[in-house]
Amino acid sequence: MARFPTWVGIALAGALSLSLAGCSSTGGKRAEDARKAAAAQGRAAVNTPRWTFAMITHSGDGDTFWDIVQSGAKQAAVKDNINFLYSHDDEAQQQAQLVDAAVDKKVDGIIVTLAKPDALKAAVARAEKAGIPVVTVNSGSAQSKAFGALTHVGQDETVAGQAVGEELTRRGKKRALCVLHEQGNVGHEQRCAGVAKTFAGKVENLYVNGTNMPDVQSAIEAKLQADKSVDAVVTLGAPYADTAVKAKADAGSKAEIDTFDLNAKVAAELRDGTLGFAVDQQPYLQGYQAVDLLWLYKYNGDVLGGGRPVLTGPQIVTKDQAAALEEYAKRGTR
């Protein structure tokens, strides 16, 4: 009889020991999760110096795409203890002056878009001469390395266009309209050229004034009314997709509307079938990675890409994926 309590005691002690070990492990994981959560809610996750990074883009006023880029950049800046400055101008010379202003402020890193690379070349060279590391983002992947940037973060616009051409062919389309809303933007030209390269049908470029949505709608409507053979319209930015949908309705056209880029409206219209597909280049990731890469370079001399762009797209999004992405789009991260 005396031996039974002894074995019970041993078993209970072992169980208690395992239970305590399990609690310790779980507690450690919870503590780590709590630390990460705290960092995500506004406290830095590192103890490196409070460096200042400036992002200068070619965005026009009210372009929601760049709100998503900024959202990613700001989140990474919080995590990396970075003072983040943002400025933009859709006029290339003005954008170059903003880069010069950041150099004069002696910022610790610069993130810049090269939609019109020739106008930005001298400003980027000045930053390099001042010893300020530069990461290019979104546009200008072909010029990034030659200009002396550490790396480029974004999608290859030609590859993205080719993905669209292949998708249009798979859908059996015969005649596509590629709507360019910013003349002189090399990335836009590359997208439409990529579409033409892989599309089995014919592609026609339509240049519109992207700063005037009524004019954009009128131009697309007029083209659809004049040419009933157009069975696909490809816009190069999410805000223009809905405008193309309205133009299609007014023109009485049956053309499928497809678009580059994603926002909450595009996700909803993919889900209900108003749009055929979208090409997501993950702008949140572009902003986040650009800040993170500069921080890694300043902290540890790290450079990603091996001399090639760090690609964030393209990802073809259809009705099947739209519902899952709509939640992220609504919160401003897709």
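Below, all heavy atoms of this structure are taken into account, side chains as well, without hydrogens, waters or symmetry copies.
Between D104 and R126, at least one side-chain nitrogen of the basic residue sits less than 4.0 Å from a carboxylate oxygen of the acidic one, meeting the salt-bridge criterion. Taking the charged nitrogens against the carboxylate oxygens, D292 and K79 do have a contact shorter than 4.0 Å, which makes a salt bridge. Using a 4.0 Å cut-off between a side-chain N of Lys or Arg and a carboxylate O of Asp or Glu, R334 and D280 qualify as a salt bridge.
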Inset, instruction - Test side chain to side chain contact (heavy atoms under 4.5 Å, CB included) on R50 and I82 and set out the steps. - result: CA-CA 5 Å; R50 187 156 175 79; I82 298 300; 5.7 Å; no
Inset, instruction - Test E221 against K248 for salt bridge (Lys or Arg N to Asp or Glu O under 4.0 Å), laying out the working first. - result: CA-CA 6 Å; E221 180 184 343; K248 167 188 171 177; over 6 Å; no
Inset, instruction - Determine, step by step, whether V216 and N209 satisfy the side chain to side chain contact (heavy atoms under 4.5 Å, CB included) criterion, reporting the C-alpha distance in whole Å, the side-chain angles of both residues, the deciding distance to 0.1 Å, and the verdict. - result: CA-CA 6 Å; V216 173; N209 178 8; 5.6 Å; no
Inset, instruction - Show your reasoning for whether side chain to side chain contact (heavy atoms under 4.5 Å, CB included) applies to E189 and E157. - result: CA-CA 9 Å; E189 297 288 347; E157 303 292 18; over 6 Å; no
Inset, instruction - Apply side chain to side chain contact (heavy atoms under 4.5 Å, CB included) to D90 and H58, showing your working. - result: CA-CA 4 Å; D90 57 1; H58 64 279; 5.6 Å; no
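With sequence neighbours excluded, the residues that form a side-chain contact (heavy atoms from CB on, under 4.5 Å) with Q217 are T243, K246, A247, D250. Scanning for salt bridge (Lys or Arg N to Asp or Glu O under 4.0 Å) contacts around E166 gives an empty result, with sequence neighbours left out. Every residue meeting the side-chain contact (heavy atoms from CB on, under 4.5 Å) condition with R170, not counting sequence neighbours, appears here in chain and number order: E167. A search for ring pair (Phe, Tyr, Trp, His ring centres under 6.0 Å) contacts involving Y299 returns W295, not counting sequence neighbours. For K74, there are no salt bridge (Lys or Arg N to Asp or Glu O under 4.0 Å) partners, not counting sequence neighbours. When the side-chain contact (heavy atoms from CB on, under 4.5 Å) test is applied to P309, the partners found at least two apart in sequence or on another chain are S141, H152, L311. Considering only residues two or more places apart in sequence or on other chains, D227 meets the salt bridge (Lys or Arg N to Asp or Glu O under 4.0 Å) condition with R175. Under the side-chain contact (heavy atoms from CB on, under 4.5 Å) criterion, Q93 pairs with A119, sequence neighbours left out. With sequence neighbours excluded, no residue satisfies salt bridge (Lys or Arg N to Asp or Glu O under 4.0 Å) with D80.
Taking CG of D302 as the start and CG of L304 as the end, the distance is 7.0 Å to the nearest 0.5 Å. Considering OG of S139 and CD of E182, their distance stands at 8.5 Å, rounded to 0.5 Å. Between T169 atom OG1 and R171 atom CZ the span is 11.5 Å, to the nearest 0.5 Å. With values rounded to the nearest 0.5 angstrom, S218 atom OG is found 9.5 Å from Q225 atom CD. Taken from NZ in K319 to CG in L275, the straight-line distance is 12.0 Å, to the nearest 0.5 Å. Distance check, rounded to the nearest 0.5 Å: NE2 of H88 to CE of M55 gives 12.5 Å.
Proximity of V153 to T136: side-chain heavy atoms (C-beta onward) are nowhere separated by under 4.5 Å. Taking the side chain as every heavy atom from C-beta outward, T151 and K145 never approach each other to under 4.5 Å. No side-chain heavy atom of Q162 sits under 4.5 Å from any side-chain heavy atom of V195. At least one side-chain heavy atom of L168 sits under 4.5 Å from a side-chain heavy atom of V234. Residues L262 and L270 meet the side-chain proximity criterion, which asks for heavy atoms closer than 4.5 Å. Side-chain contact between D258 and V233 is absent, with no heavy-atom pair separated by less than 4.5 Å. By the 4.5 Å heavy-atom criterion applied to side chains, P214 and N212 are counted as neighbours.
Other residues, nucleotides and ligands place more than 12 heavy atoms under 6.0 Å from the CG atom of N300.
Side chains of D118 and Q143: no donor on one and acceptor on the other come within 3.5 Å. Between the side chains of T312 and Q286, at least one donor N or O sits under 3.5 Å from an acceptor N or O.
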Cut-off 3.5 Å, no hydrogens considered: what does the side-chain donor-acceptor table look like for residues 62-73, sequence neighbours left out?
unit_1: D63; atom_1: OD1; unit_2: F65; atom_2: N; d: 3.1

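In the hydrophobic clustering, where aliphatic and aromatic side chains (Ile, Leu, Val, Met, Phe, Trp, Tyr) are joined below 4.5 Å either directly or transitively, V134 groups with I56, L85, L98, V99, V103, V107, I110, V112, L114, L120, V124, I132, F147.
Counting only residues at least two apart or in different chains, ring pair (Phe, Tyr, Trp, His ring centres under 6.0 Å) contacts with residues 224-271 comprise H181-Y240.
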